[in-house]
Asks: 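Structure in C-alpha cells, see below.
Numbers restart at 1 for each chain; the letters A, B, ... are given by sequence-line order, proteins then strands.
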Amino acid sequence: MLAVPEGNVIHHHARRLGRAFTRKQVHADSPQGRFADGAAHVDGHRIRRVEAHGKHLFIGVDDGTWIHVHLGLFGKWRFGRGERPVPVGQVRLRIWTDEAWAELRGPTACELLMDAEKRDLVRRIGPDPIRKDADPERAWSRVHRSSTSIGALLMDQKVFAGVGNIYRAEVLFRHELNPYRPGREVSRETFDALWVDLVVLMTKGTKRGRIDTVREEHLPEAMGRAPREDRHGGEVYVYRRDGRPCLLCGAEVQVADLQGRKLYWCPSCQPA
DNA sequence: AGCTCATGGCGAG
DNA sequence: TCGCCCTGAGCTG
C-alpha cells in the first residue's frame with residue numbers, strides 16, 4: 001500500500017478500514033509488542049466506525065473506546081484479503097477477520113483513547129477540507145489576524161487539518177500566492193478561493209490515493225517532464241521541482257527551509 | 001554496509 | 001529553533 005501521509009491518504013485508509021471492519025467482530029494483536037495492551041483490549045470486539053480528521057485516524061470500538069493512529073512521516077498501512085501474512089519486521093498493530101486484514105508499521109501514534117479524549121483531540125485540530133462538516137470560518141479567523149506567513153499557516157494542523165507539504169506548495173502556486181505573505185494580508189476572496197481549491201484537490205486525492213494538482217490545460221507540459229521528476233506519484237507544478245523551469249513561465253523553481261520543512265515556489269508566478 | 005533524505009509532529013529550552 | 005522519534009528507499013562506496 002502506497003503511503004503518502006497527507007490528509008487525503010488518511011481518508012483513503014479510513015474508507016478502506018471501514019469497508020473491511022465496520023460492524024465486524026475483529027481480532028487484533030501487536031507482534032512488535034508496543035501496542036500489546038491496546039490490541040488485547042480490542043481483540044474480540046466489534047468495530048463501530050472508522051473516521052479521519054486531518055491526518056488523524058480513529059477506529060471506533062463497540063465499548064466506546066477508539067484506536068487513535070497518526071502515521072507521522074514514516075507510518076504505513078498494508079491491507080489484504082484472506083489469511084493474514086506472517087509478520088515481518090516491526091508490526092505495531094494487526095487487525096483481521098476471516099475475510100480481510102490490515103497491518104500498521106512505524107506510526108508516530110497508536111494508542112487507545114476514551115471517547116472524551118478523542119473528542120478533545122478532534123476539537124483541537126483545525127477544519128479539514130475533506131470533511132463535509134468542516135467550518136472554513138475557523139481557518140479564516142486564524143489566518144486573517146495572523147502575522148505568520150501563509151506558507152507556515154497552511155502546514156499548521158490547528159488552522160488547516162490534513163494539508164501537508166505537497167498541497168501547501170501546490171495550492172499556493174495555483175493561486176499565485178507568495179508563501180511568505182503574512183496571513184493578515186491575504187484577502188477574504190483569496191482565502192475563499194484557496195479553501196474551495198483545497199476541498200476539490202484533496203477530495204480528488206482521496207479517491208485517487210495520489211496527489212494531482214496540474215490543471216488540464218497544463219498537462220501537456222507536465223507530461224513532457226523526465227520521469228524522475230515525478231517521484232511523489234502525481235502531477236505537480238512546483239513540489240520537489242527546485243532548480244527546474246516553472247511549467248508556466250520557465251523561471252527557476254525555488255526551494256527554501258521554512259520551519260524545518262522544504263518550501264517550493266516559483267518566484268515569478270508567485271511574486272512577493 | 002553506511003549514509004541521506006522523506007509527504008510529520010512533539011517537547012525542551 | 002533544535003533534537004528526537006518512527007521506517008524504508010535510494011543513493012554512495
Side-chain angles (χ1 to χ4, degrees), chain A residues 1-14 30-36 38 52-58 67-78 87-94 102-111 113 117 120-122 124-126 128-130 148-149 151-173 179 198 201-206 208-214 226-243 253 255-265:
Chain A
M1 179 68 201
L2 179 74
V4 187
E6 296 199 25
N8 64 308
V9 167
I10 309 308
H11 280 264
H12 192 78
H13 292 158
S30 175
Q32 174 202 50
R34 288 183 55 180
F35 189 58
H53 297 261
K55 297 170 188 168
H56 298 264
L57 185 136
F58 302 92
I67 304 174
H68 168 227
V69 173
H70 194 296
L71 294 181
L73 200 46
F74 310 125
K76 279 179 177 53
W77 282 103
R78 278 179 69 209
V88 177
Q90 303 285 87
V91 177
R92 185 77 58 90
L93 167 66
R94 294 191 296 179
E103 205 181 70
L104 173 68
R105 348 166 63 94
T108 284
C110 175
E111 58 183 350
L113 296 182
E117 295 176 301
D120 287 347
L121 199 161
V122 169
R124 282 198 299 273
I125 61 179
D128 172 352
I130 298 175
T148 304
S149 67
L153 288 167
L154 278 165
M155 290 286 278
D156 184 339
Q157 301 299 299
K158 294 189 289 303
V159 183
F160 297 92
V163 176
N165 209 12
I166 306 178
Y167 283 122
R168 183 251 300 260
E170 295 299 306
V171 82
L172 287 171
F173 179 89
L198 284 171
L201 291 176
M202 293 176 74
T203 302
K204 196 168 73 176
T206 301
R208 296 191 180 179
R210 57 178 254 177
I211 298 178
D212 295 284
T213 61
V214 175
R228 69 175 297 276
E229 284 190 60
D230 193 23
R231 278 173 296 176
H232 56 279
E235 294 298 345
V236 295
Y237 286 106
V238 292
Y239 174 72
R240 276 223 210 185
R241 295 198 64 247
D242 51 302
V253 174
V255 63
D257 195 281
L258 182 61
Q259 298 175 333
R261 306 300 301 283
K262 287 196 172 175
L263 171 68
Y264 304 87
W265 80 102

Asks: Counting just side-chain N and O atoms, does K262(A) come under 4.0 Å of either OP1 or OP2 of dA6(B)?
Replies: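 So the side chain of K262(A) is within the cut-off, an N or O lying under 4.0 Å from OP1 or OP2 of dA6(B).
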Asks: Just how far, in rounded Å, is C1' of dA6(B) from CE of M155(A)?
Replies: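 That distance rounds to 12 Å.
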Asks: Rounded off to whole Å, could you give me the CG-to-P distance for the L73(A) and dG8(C) pair?
Replies: 13 Å
Asks: Considering only atom P, compute the distance from dG13(C) to dC5(B) and round it to an integer number of Å.
Replies: 14 Å
Asks: Could D257(A) and R261(A) be called an ion pair, given the rule that one side-chain N must be under 4.0 Å from one carboxylate O?
Replies: no
Asks: Look at the side-chain N and O atoms of H70(A) and state whether any lies under 4.0 Å from the OP1 or OP2 oxygen of dG9(B).
Replies: yes
Asks: Check the phosphate of dC6(C) against R92(A), side-chain N and O only, distance under 4.0 Å to OP1 or OP2. Yes or no?
Replies: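 Result: no.
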Asks: Measure from NZ on K76(A) to P on dG8(C) and round the result to the nearest Å.
Replies: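 Taking atom P of dG8(C) as the reference, NZ of K76(A) is at 7 Å.
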Asks: Yes or no on salt bridge (Lys or Arg N to Asp or Glu O under 4.0 Å) for D212(A) and R210(A), after CA distance, side-chain angles and deciding distance?
Replies: CA-CA 7 Å; D212(A) 295 284; R210(A) 57 178 254 177; 2.7 Å; yes
Asks: Without decimals, in angstroms, what is the distance between R261(A) CZ and dA6(B) C1'?
Replies: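 The answer, rounded to whole Å, is 8 Å.
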Asks: When the distance from CG of D257(A) to C1' of dT1(C) is rounded to whole Å, what number comes out?
Replies: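 Computing the D257(A):CG to dT1(C):C1' distance gives 10 Å.
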Asks: Determine the contact category for Q32(A): base if any of its heavy atoms lies under 4.0 Å from a base atom, sugar-phosphate if only primed atoms, P, OP1 or OP2 are that close, otherwise nothing.
Replies: sugar-phosphate
Asks: Report the distance from atom CG of L258(A) to atom P of dC2(C), rounded to the nearest whole Å.
Replies: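 Taking CG of L258(A) and P of dC2(C), I get 13 Å after rounding.
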Asks: Verify the contact: side-chain N or O of R240(A) to OP1 or OP2 of dC5(B), cut-off strictly under 4.0 Å; return yes or no.
Replies: no
Asks: Are any of the side-chain nitrogens in E170(A) or R168(A) under 4.0 Å away from the carboxylate oxygens of its partner?
Replies: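 Answer for the salt bridge query: no.
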Asks: Tell me the interatomic distance from F35(A), atom CZ, to dC5(C), atom P, rounded to whole angstroms.
Replies: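 Interatomic distance, CZ of F35(A) to P of dC5(C): 22 Å.
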Asks: Going by the rule ring-ring contact (aromatic ring centres under 6.0 Å, His included), which residues pair with Y237(A) if we only count those two or more places apart in sequence or in a different chain?
Replies: F173(A), H218(A)
Asks: Could you tell me whether R34(A) contacts a base, only the sugar-phosphate backbone, or nothing, with contacts defined as non-hydrogen atoms closer than 4.0 Å?
Replies: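 Result for R34(A) = sugar-phosphate.
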Asks: Using atom types as modelled and distance alone, determine if a side-chain donor or acceptor of E103(A) lies under 3.5 Å from a backbone N or O of W77(A).
Replies: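 No; zero donor-acceptor contacts below 3.5 Å.
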Asks: Would you measure the distance from the P atom in dA1(B) across to the matching atom in dC6(C) and give it in whole Å?
Replies: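 That atom pair is separated by 23 Å.
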Asks: Where each residue is assigned the nucleotide of DNA chain B containing its nearest heavy atom, which of Q157(A) and F74(A) is assigned the position nearer the 5′ end?
Replies: F74(A)
Asks: Can you check the I125(A) CD1 to dG8(B) P distance for me, whole Å?
Replies: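 My rounded result for the distance is 14 Å.
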Asks: Output the single nucleotide from dC6(C), dT7(C), dG8(B) whose closest atom is nearest the side chain of Q90(A).
Replies: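 So the side chain of Q90(A) is nearest to dT7(C).
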